[in-house]
Amino acid sequence: APYYFEVGSIYLKKGEFRTADFFLKYAYAAGFNKPVVAFYLGTILIRKEKFFEALSYLQEAYYSDIEDLKPAAEFYLGTAY
């Protein structure tokens with residue numbers, strides 16, 4: 001799962017969202033780094049204008065224990081609403 005997370009992150013940074021989505025969903029299903037992966041998946045869905053689908057991922061990121069993730073997750077939650 002760490003490999004899929006890293007590869008998905010690279011594709012996300014390159015703007016290749018379909019490929020990033022594939023790798024990140026695998027990492028998410030495996031339970032690897034779930035709050036960060038959820039945030040990334042939520043931002044991909046925002047870019048696709050799938051706001052309702054993005055909410056659950058972004059809420060998971062926001063309510064995680066990772067304090068540094070909360071401001072960005074809150075911003076995207078505001079976009080989704």
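If you read the sequence from its start, that first residue is 1, and numbering goes on from there.
- Within a 6.0 Å radius of CZ in Phe32, other residues, nucleotides and ligands contribute more than 12 heavy atoms.
- Residue Lys48 holds its NZ atom at 5.0 Å from NZ of Lys50, rounded to the nearest 0.5 Å.
- In this structure the side chain of Asn33 never reaches within 4.5 angstrom of the side chain of Glu6, judged on heavy atoms.
- The neighbour count for Lys25 NZ, taken as heavy atoms of other residues, nucleotides or ligands under 6.0 Å away, does not exceed 12.
- Taking both residues in full, the closest heavy atoms of Pro35 and Leu69 are given as O-CD2, 3.6 Å, listed atom of the first, atom of the second, then distance.
- The distance between the ring centers of Tyr76 and Phe39 falls below 6.0 angstrom.
- Heavy atoms only, all atoms of each residue included: Ala20 and Gly8 are closest at CB-O, 3.4 Å.
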Give the intermediate values and the outcome of side-chain contact (heavy atoms from CB on, under 4.5 Å) for residues Thr79 and Phe75. CA-CA 6 Å; Thr79 303; Phe75 170 78; 4.0 Å; yes

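- Partner of Tyr57 under the side-chain contact (heavy atoms from CB on, under 4.5 Å) criterion, out of Thr43, Ile44, Leu45: Leu45 alone.
- Here Leu77 contributes atom CG and Tyr81 contributes atom OH; the two are 6.0 Å apart, rounded to the nearest 0.5 Å.
- Contact between Leu24 and Val37 at its shortest, heavy atoms only, is O-CG1, 3.2 Å.
- For Tyr62 against Lys70, the heavy-atom pair with the smallest separation is O-NZ, 2.8 Å.
- The shortest heavy-atom contact between Ala61 and Ala73 is CB-CB, 4.1 Å.
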Take Leu58 and Ile46, measure what side-chain contact (heavy atoms from CB on, under 4.5 Å) needs, and give me the verdict at the end. CA-CA 10 Å; Leu58 294 170; Ile46 291 287; 4.1 Å; yes

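- In this structure, the side chains of Tyr40 and Phe5 come closer than 4.5 Å at one or more pairs of heavy atoms.
- No chain of hydrophobic side-chain contacts below 4.5 Å, direct or via other Ile, Leu, Val, Met, Phe, Trp or Tyr residues, connects Tyr26 to Leu12.
- Under the 4.5 Å side-chain heavy-atom criterion for ILVMFWY residues, no single connected hydrophobic cluster contains both Tyr3 and Leu41.
- Between Phe23 and Tyr11, the ring planes are parallel. Angles under 30° get that label, and only those over 60° would be called perpendicular.
- Residues Tyr4 and Val7 have side chains not in contact (no heavy-atom distance under 4.5 Å, counting atoms from C-beta outward).
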